[in-house]
Each structure stands twice: as C-alpha cells, then as structure tokens.
Protein chains: 2
Amino acid sequence: MTRRHEQIAEALRTAIGDGRHPVGSALPSEAELAAAHGVSRGTVRQAVSALEAEGMVGSRQGARRVVLSTSPSQSFAELRSFAQWARGGGHTPGGLVLESAPGRADGEEAALLQLPPGGEVLRVLRLRTLDGEPALLERTVYAGWIAAAVAQLPDDCESVTQELYERTGLVFAHGEHHLDAVAAGTEDSRRLGVRRGSPLLRVRRTTTTPEGRPVETSDDRYRPGSVVFTVRNSTRTNPLVRSALA
Amino acid sequence: MTRRHEQIAEALRTAIGDGRHPVGSALPSEAELAAAHGVSRGTVRQAVSALEAEGMVGSRQGARRVVLSTSPSQSFAELRSFAQWARGGGHTPGGLVLESAPGRADGEEAALLQLPPGGEVLRVLRLRTLDGEPALLERTVYAGWIAAAVAQLPDDCESVTQELYERTGLVFAHGEHHLDAVAAGTEDSRRLGVRRGSPLLRVRRTTTTPEGRPVETSDDRYRPGSVVFTVRNSTRTNPLVRSALA
DNA sequence: AAAGGCGTCTTGTCCATACAGGTAGGGAGT
DNA sequence: ACTCCCTACCTGTATGGACAAGACGCCTTT
C-alpha cells in the first residue's frame, strides 16, 4: 500500500471508524485534506471517491462530504473466497467435495463460460460449513481449461481460490451475481439439513479473470439465517440491478 | 448531459452495445479516445472509470481495457423507483396501499432512521404489482419529518418516489440493501397469492437523502420467479457484502 | 524450436491550475 | 422578526504534463 491515495483513504476509513468523523458529520474539505497530507487535490479526490464507492461517504456539489456509515465495505477478495471471508469474520470455514465429474457444457453453461457448445467442463458439488454447521451448497461448473487444476485439489480444500492462485497464478477479478429465493429440493434439504421446501437464498454467479475470460459459474444455495448479502449504492455508483422474469 | 466525460461514456456504452466493441475485445487506448473526442486523457479516464464501475469493462495496468459485458447497469433512479424500473423494462407497474398508520419507532427502527427512541414514524403496507400480478409486498417505515407528505399521497400512487420529488423536492440518493430468503408468513401468502411457507426474497433497505438523512426503511418481499437481483463487481469496485449471522 | 531479453505501448499515479456550478450562512433591507 | 440577496467556500469538470509499473510482441540467443 505505497500509493498515497490509498494511504489517505485508509486514514479516512479508520478516522471514520473510530468516531473522529461520526455518521452525519461533515468531512474536512478537499483542500484541507490535501494540505494535511501534503498532496494535491487530485490525489485527495481519488481517496474520497474510493470511500464514496464503498458507501461510507456521500457528496454533493457545493457542500462538504457527509459520513454515511462507519463500516467499510468488504474487499473483493473476501467475497470471492468463502474461506477468507469466514476467517475475516472470526468464523471457522470448512469445505467438502461431495461429487466431481467431467462433462460437456449445455447451451446455457456454454454461453456463460464463453465456450463452444458441448465444450468440456468440470462439475463439482461442494458443501461449505461455517463453524461446523452446513451453510451453503455450491454447484460449480468450471471451464475445461482450468478443470485439470481444480480436479487435483484435495476434497476438503478450504480455499479453492487460494489454492488455484498458488498453483496456477489464476486470479479471479470480476463477478456477476444473481440473487433470488428458491425452495430447497431433495438434495438441498439432505445436504444442508433443512426441511424440503425451506426457503434458500440462491446466488448464481459467474467469475472471470482480469482479462474477462470466464472461469466458473456456480449455483450457490444458502441456508436461511446463516448469511445476509448487503449492497450499498448511490446515485453515482449503482451495482445493484433488479430484473423481471418473463 | 453537457459534461464531456458523460458524453464520452455514453458514446462508449452505445458503441459496446451495438457490437462495435464485442465482449472480449480491447477498447481503444486512452490516448486514442482522447484524440478522437478532442479532450484530455483525464477526461477520458473519468468516462471509462464510469463504465468500469458499471462492470462493462475491466482494466489492468499495462494492457488495454477489455469489454466484459454489453448491457449497462441500471440507473440508480430505476432501482429506487419500482414504477420507473417496471416501465423501463416494458412492464406495467401498479401499487396499492393496504394499510397506513402513524406510530412510534421501536429501537431498531429508531437506529436505522436516526431518530430518537419512540420518535414518530409512519408505517405503510403496500402491494406492488407487475403486469397485474402481485410481485412484492412492501412494509415501509417513513421518518416522521416526511410522514405528512407521504400520508397525502393517493392510495394507488404508482410512483412514490416521483410524487415525493414533485411535491417536496425530496431526492433519494443513497441506499443500503440487505438480501436474504424467508418463508412466506400468513399475511405474505394472502397478499401475494402464494402458499404459506413459499420462499420469498426479502430485501431490507434504508434510503437516505443526499445529505445522508434517512428517509425510509423497508422490508420488501418478492414473489419467487418474478424478479432477480444482480450485482456486478470487480477487484476495484465491490459493493456486495456477505455477512454471517450470530 | 524453445527460451530469454528488450523496447514500446498502455494504464496507474501524481502534480498544479483554472473555471463552472452549487451550498450555506451572514448581512442588508423591508 | 422575517425575507431576500450576495458572497465566501466547496465540489465538479477539464487541461496538460511527468514519471512509474506492468503487458505484450519482437528479436536474439541457446
């Protein structure tokens, strides 16, 4: 973290976090911050725009920036990796591969993974636990070009993300997540230890490399009461999209 | 939209949308775009950073930017307003106030709305329909200072957001959304026309003014199969947060 | 043919400056 | 006491320049 604008952003985050800038109060002006940190106004703007994207501060032209929230957003790394996220929150993650089988992509999978129809894929069913309790069931489809590396992972691998990075240098950089609710099916109920028909939060996601190449697509089903997803947005940054179905 | 950087961003969005820059292809370099539009590189960077925040392009230092998706993110306005969103997607929105009653904030509500404990609030139960079908049930709590304006709205008001803006100049600028799944309760099932225990997508949200003053907090329950929420993220912008419950 | 090194291109970071547009508070006038 | 206006301040937009860091293709070497 040698970049000045990140240092300043971090300084502001902690200042907000420990109450020096309470929720609802105004932040120092850009000119003051620039003078205080000995940088130009442009660098300060980079820093505060990061906080704005995280939903911690709001801004209006002409008025000073306002503190909206004391808690920073999660890092992307924590969202990508179940294990990293769990440990960050003081929980103990666990993982177990229940099934793993190569196959051929159907139309939808081929489109999501940008593969030719019938291209090779690896299907994995994985149960994730949180502090020993089943928390979610992952049905992941990996693109053929990464399948070999995934297949070599141990069955009880805690962090797939971490292992793949260490073994192949693969980095997950972008993701698209679709959230809705479904009733637990037979397999869901057995694996997660809930009654059939229980509401589950379903997250269908596709992850790509920094170059935009799709790596995996997954159907994750969360046990109710175990996890909540949060999105912050504002007029400037709006990542949350609501879509109607046919 | 007189700002140059927005014009350039819009030009790029349409260029990507109509296939001039297919998914996976590289965008012109900043220098080329700057020359083509007759602006400085800083202005081009503002434009592409908007697309990056929307998840349409990815970028890596040293390499040209890559097109990730052809569809732009929804505007914040569309997310705030059910009616605006529905019409944008070619659907017909409807709304009906089922109950409306003043009351006093309990502890949680007071905290969310930044009101003193026991402060005045207005509770509204509203059913929203999409093309005539019940789509979601909204249980909204408005802060006392805006309650009078809300109470005057007609029961079948289509767009609360729109009406409040026209009558009082109130603008919603920030929001925090928590998503999880719950089983339909007795009232939910009756109002939405689903069986008791059906899975519903629950979105608990709090909206604030540009100054960060909370306006309303709401518990919205979506009928399964009617709506999907989507979040795009990347290493740089990560609005989606996953939280474990106690 | 495969491996490594080098140079060029592109994005990331940072600076200094200028002006436009909006906010908010204080003072003058009613 | 109240309203209106005006001014100082702050953020948004845009320019232009400079250097650092990473990626990629080409060319040489092995």
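Below, all heavy atoms of this structure are taken into account, side chains as well, without hydrogens, waters or symmetry copies. Chain A is the first sequence line, chain B the second, and so forth, proteins listed ahead of strands; every chain is numbered from 1. Since the model is a prediction, treat every value here as computed from it, not as a measurement.
In this structure, Glu211(B) places its CD atom 9 Å from P of dT23(C), rounding to the nearest Å. Rounded to an integer number of Å, the gap from Arg41(B) CZ to dG12(C) P is 8 Å. With rounding to whole Å, Gln46(A) atom CD is found 6 Å from dC14(C) atom P. Between the C1' atom of dC15(C) and the CD1 atom of Ile8(A) lies a distance of 13 Å, rounded to the nearest Å. Rounded to an integer number of Å, the gap from His37(B) NE2 to dA14(D) P is 12 Å. Atom NE2 in His5(B) sits about 6 Å away from atom C1' in dT13(D), given to the nearest Å. Atom P of nucleotide dG12(C) and atom CD of Glu52(B) are separated by 7 Å, given to the nearest angstrom. A straight line from CG of Leu33(A) to P of dC10(D) spans 11 Å, rounded to a whole angstrom.
Ranked by how close their nearest DNA chain C nucleotide is to the 5' end, Val44(A) and Ala31(B) are led by Ala31(B).
The pair Arg205(A)-Glu216(A) counts as a salt bridge, with a side-chain nitrogen and a carboxylate oxygen less than 4.0 angstrom apart. For Glu109(B) and Arg123(B), the salt-bridge test passes: some basic side-chain N is under 4.0 Å from an acidic carboxylate O. A salt bridge does not link Glu108(A) with Arg204(A): every distance from a Lys NZ or Arg NE/NH1/NH2 to an Asp or Glu carboxylate oxygen is 4.0 Å or more.
Candidate nucleotides dT13(C), dC24(D), dT11(D) were compared by shortest atom distance to the side chain of Arg60(B), and dC24(D) ranks first. Nearest nucleotide to the Ser29(A) side chain, out of dC10(D), dT13(D), dT11(C): dC10(D). Distances from the side chain of Ser40(B) to the nucleotides dC14(C), dT11(D), dG16(D) place dG16(D) closest. Side-chain proximity of Ala63(B) to the nucleotides dG12(D), dA23(D), dT11(C) is greatest for dA23(D). Candidate nucleotides dT15(D), dT10(C), dT23(C) were compared by shortest atom distance to the side chain of Glu32(B), and dT10(C) ranks first.
Remark: Arg3(B) is not in phosphate contact with dA20(C), judged by side-chain N or O atoms under 4.0 Å from OP1 or OP2. At dC15(C), one or more side-chain N or O atoms of Thr43(A) fall inside 4.0 Å of OP1 or OP2 (strictly under the cut-off). Look at Arg4(A) and you won't find any side-chain N or O under 4.0 angstrom from OP1 or OP2 of dC14(C).
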Q: Under the side chain to side chain contact (heavy atoms under 4.5 Å, CB included) rule, what do Gln152(B) and Arg167(B) come out as? Steps first, then yes or no, please.
A: CA-CA 10 Å; Gln152(B) 283 172 13; Arg167(B) 296 183 183 209; 4.1 Å; yes

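Using a 4.0 Å heavy-atom criterion, one finds that Arg65(A) contacts the sugar-phosphate atoms exclusively. Within 4.0 Å (heavy atoms only), Gln61(B) reaches at least one base atom of the nucleic acid. Residue-level contact check: Arg45(B) touches the bases, meaning some heavy atom is under 4.0 Å from a base atom.
When atom types are taken as modelled, the side chain of Arg64(B) and the backbone of Leu27(B) share a donor-acceptor pair closer than 3.5 angstrom.
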